[in-house]
Number of protein chains: 2
Amino acid sequence: MTSDDGAGQTRQEQKERTRQAILDAALELSQDHGFGQLSLRQVTRQAGIVPTAFYRHFASMDELGLALVEQSFNTLRRMIRDAQRDPQVFVSIIDSAADVLVRVVKDNKAHFAFVARERFSGQGVVRQAIRHELDLFVSDLAVVLARLPNIENWSSEDVHMVSSLFVRNMVSNAEQIVEMPENRPDLEEQIKDGARRQMRLIVLGFANWKST
Amino acid sequence: MTSDDGAGQTRQEQKERTRQAILDAALELSQDHGFGQLSLRQVTRQAGIVPTAFYRHFASMDELGLALVEQSFNTLRRMIRDAQRDPQVFVSIIDSAADVLVRVVKDNKAHFAFVARERFSGQGVVRQAIRHELDLFVSDLAVVLARLPNIENWSSEDVHMVSSLFVRNMVSNAEQIVEMPENRPDLEEQIKDGARRQMRLIVLGFANWKST
DNA sequence: ATATTCGGTGAACATTCGTACACTGAAAGC
DNA sequence: GCTTTCAGTGTACGAATGTTCACCGAATAT
C-alpha cells in the first residue's frame, strides 16, 4: 500500500479532488443563471473533465444539487457552533450576531447565494432539502436563544417563533449582502445597522407584546 | 366587416387572446420548474401554437418574462389601491392587512408564486424588473402608512424603513401562502395570525425603540 | 511480477432547442 | 371587389443536450 501520506496522490484523494472541482464548478456557474438551468456538460467543462466522467461522482444533477445544499448548510452550522462558543454572544447577542452574519456571509457568498436562489427554484429535490435544512436551523437557533438571560423563561413555543423570525430576517439580510457590490464598506455598515435595528425591534416588540 | 360584435372576432382581439394564452402557458409551466428553465417551444406547445408564432407577440423569452412581471405586479397594485379606499383599513390596519393579504394571494397564487420564485432566479432582466417593482411597492405602501394616526409624525425615513419591513414580511408570508396545500383553513388561519402578530410586533417594537 | 480495479476518455446516438425562411388564408383597408 | 396586411403554419438547419458504450492507463491488490 506504499503508504505515501504526503500530497494527494492516492486514488481516493484524486477522486475527492475531482468531486470538489465539480461542486465548485456548479457553485460558480449557478451564480449566473441558477442551478436549474445548468447543464451537465457545462459543469464538467468548467470542472475540466469529460461529460461522462460526471457519473463517476454523481448519478444525476439532482444528486449534485443535494451535495451543494449539504455543503452550504455545513457553513451555516459551523457559524452557529462558533457563535455558541463565543462568550461575546452572551454579552450582546444582537450586535455580535450582526457582525458575525455579515462576516460569515461575505466569506461564503457563493454558498449563501446558492441557498437564497434555489430556495424557491423548482419544486425539485433541491428546494425540498433547503427547506428542511432551514427548519433544522430554526430549531438549533432556538436552543441557543433559550439560554439567553432575557428569554430563558419564555415558553418554548414563543422561543421557536422568535427564532423563526430571526432566521427569516437573517436569510433576508444574507440576500442583501450577497447582492452587495464589492468594496462598499458603507453599504455593508448600513446593512449591518439595519440588521441590528430589526433584531432589536423584534426582541423589544416581543417582550412588550408578551407583557400585555 | 361582418360586424359580429359578440365574441372577439376582430384581428386585435384574436391576437390579444393568443398573447394571453402564451402568458398563461408560461405562468402555468413555470410553476413546475421555474421560468428560467422554460423553453420557447414548451410555451408555444402549451399555448396551442407553432413555435415560430411566438415571435408575433414577444421578441424573446426575456420579454415574455417582463410581461409576466408587469401582470403580476398589477395584481399587487390593485391590492394596495383597494386597501386605500377601504375605510376599515384606517380602523385597524393590521387585522385587515392580514385578511387582505391572505385573500389576494390565494386568488392570485400563480402570480405571487411567479414573483417569489423568480425574485432570485437568474441575474437576468426578469429579476431586475421584480426588484424594481418591489422598491416601488415599498414607496407606495410608505405613502399609505404615513397617513395613519400613530405614524403621521414620524420622519419619512422611518416610515420608509417600516414600510420596507412590512413588505419584506408580506413577501415572506405570501411565499408561505403560496406553498400552503389547498383546503387547509386551519393553516390559513395560522399564517394569518402569524402575520398579524409579526406586524403588531413591528409597530410596537418600533414605537418603543423610537422613544428611547 | 502480474492481475484487477476504476477514474477519466472519446466517439456516437437520439432529442430538443432557437431561429430563419417561404408560405397561407382570412380579416382589414380601399 | 380587389389589394394589402399579418397572425399563424411547416420545413429546415446547426448547435447543444443527456446518456450509452468500449476503451485506456495508472494506482491498487495479490
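All values derive from a computational prediction rather than experimental measurement. Convention: sequence-line order gives letters A, B, ...; per-chain numbering from 1.
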Main-chain N/O of A:His160 paired with A:Ser164 side-chain donor or acceptor, under 3.5 Å: no
Between the side chain of A:Glu189 and the main-chain N/O of A:Asp186, is any donor-acceptor distance below 3.5 Å? no
What pairs of nitrogen or oxygen atoms, one from the protein and one from nucleotides 17-19 of chain D, lie under 3.5 Å apart?
{"from": "D:dT17", "atom 1": "OP1", "to": "A:Ser39", "atom 2": "OG", "distance (Å)": "3.0"}
{"from": "D:dT17", "atom 1": "OP2", "to": "A:Arg45", "atom 2": "NH2", "distance (Å)": "2.7"}
{"from": "D:dG18", "atom 1": "OP1", "to": "A:Leu40", "atom 2": "N", "distance (Å)": "2.8"}
{"from": "D:dG18", "atom 1": "OP2", "to": "A:Leu40", "atom 2": "N", "distance (Å)": "3.3"}
{"from": "D:dG18", "atom 1": "OP2", "to": "A:Arg41", "atom 2": "N", "distance (Å)": "3.1"}
{"from": "D:dG18", "atom 1": "N7", "to": "A:Arg41", "atom 2": "NH1", "distance (Å)": "2.5"}
{"from": "D:dG18", "atom 1": "O6", "to": "A:Arg41", "atom 2": "NH1", "distance (Å)": "3.0"}
{"from": "D:dT19", "atom 1": "OP2", "to": "A:Tyr55", "atom 2": "OH", "distance (Å)": "2.5"}
{"from": "D:dT19", "atom 1": "O5'", "to": "A:Tyr55", "atom 2": "OH", "distance (Å)": "3.3"}
{"from": "D:dT19", "atom 1": "O4", "to": "A:Arg41", "atom 2": "NH1", "distance (Å)": "3.4"}

Of C:dT9, C:dG7, D:dT9, the nucleotide closest to the side chain of B:Ile49 is D:dT9
Can you measure [X] atom [atom1] to [N] atom [atom2] for me and round it to whole angstrom units?
{"X": "B:Phe54", "N": "C:dA20", "atom1": "CZ", "atom2": "P", "value": "13 Å"}
{"X": "B:Leu29", "N": "C:dT16", "atom1": "CG", "atom2": "P", "value": "15 Å"}
{"X": "A:Arg56", "N": "D:dA22", "atom1": "CZ", "atom2": "P", "value": "13 Å"}
{"X": "A:Gln37", "N": "C:dG18", "atom1": "CD", "atom2": "P", "value": "12 Å"}
{"X": "A:Glu13", "N": "D:dA27", "atom1": "CD", "atom2": "P", "value": "12 Å"}
{"X": "B:Glu63", "N": "C:dG18", "atom1": "CD", "atom2": "P", "value": "16 Å"}
{"X": "B:Gln9", "N": "C:dA28", "atom1": "CD", "atom2": "C1'", "value": "14 Å"}
{"X": "A:Gln14", "N": "C:dT5", "atom1": "CD", "atom2": "C1'", "value": "16 Å"}

Under 3.5 Å, which donor-acceptor pairs link side chains of residues 97-108 of chain A to any protein atom two or more places apart or in another chain?
{"from": "A:Lys106", "atom 1": "NZ", "to": "A:Glu188", "atom 2": "OE1", "distance (Å)": "3.0"}
{"from": "A:Asn108", "atom 1": "ND2", "to": "A:Val104", "atom 2": "O", "distance (Å)": "2.8"}

Within 6.0 Å of CG in B:Asn183, more than 12 heavy atoms from elsewhere: no
Within the modelled atom types, does a donor on one side and an acceptor on the other bring the side chain of B:Arg11 and the base of D:dC6 under 3.5 Å apart? yes
Please enumerate all residues that pass side-chain hydrogen bond (donor to acceptor under 3.5 Å, both in side chains) together with A:Ser172, with sequence neighbours excluded. B:Arg168
List the steps, then state whether side-chain hydrogen bond (donor to acceptor under 3.5 Å, both in side chains) holds for A:Gln46 with A:Glu28. CA-CA 9 Å; A:Gln46 170 89 13; A:Glu28 183 181 335; 3.3 Å; yes
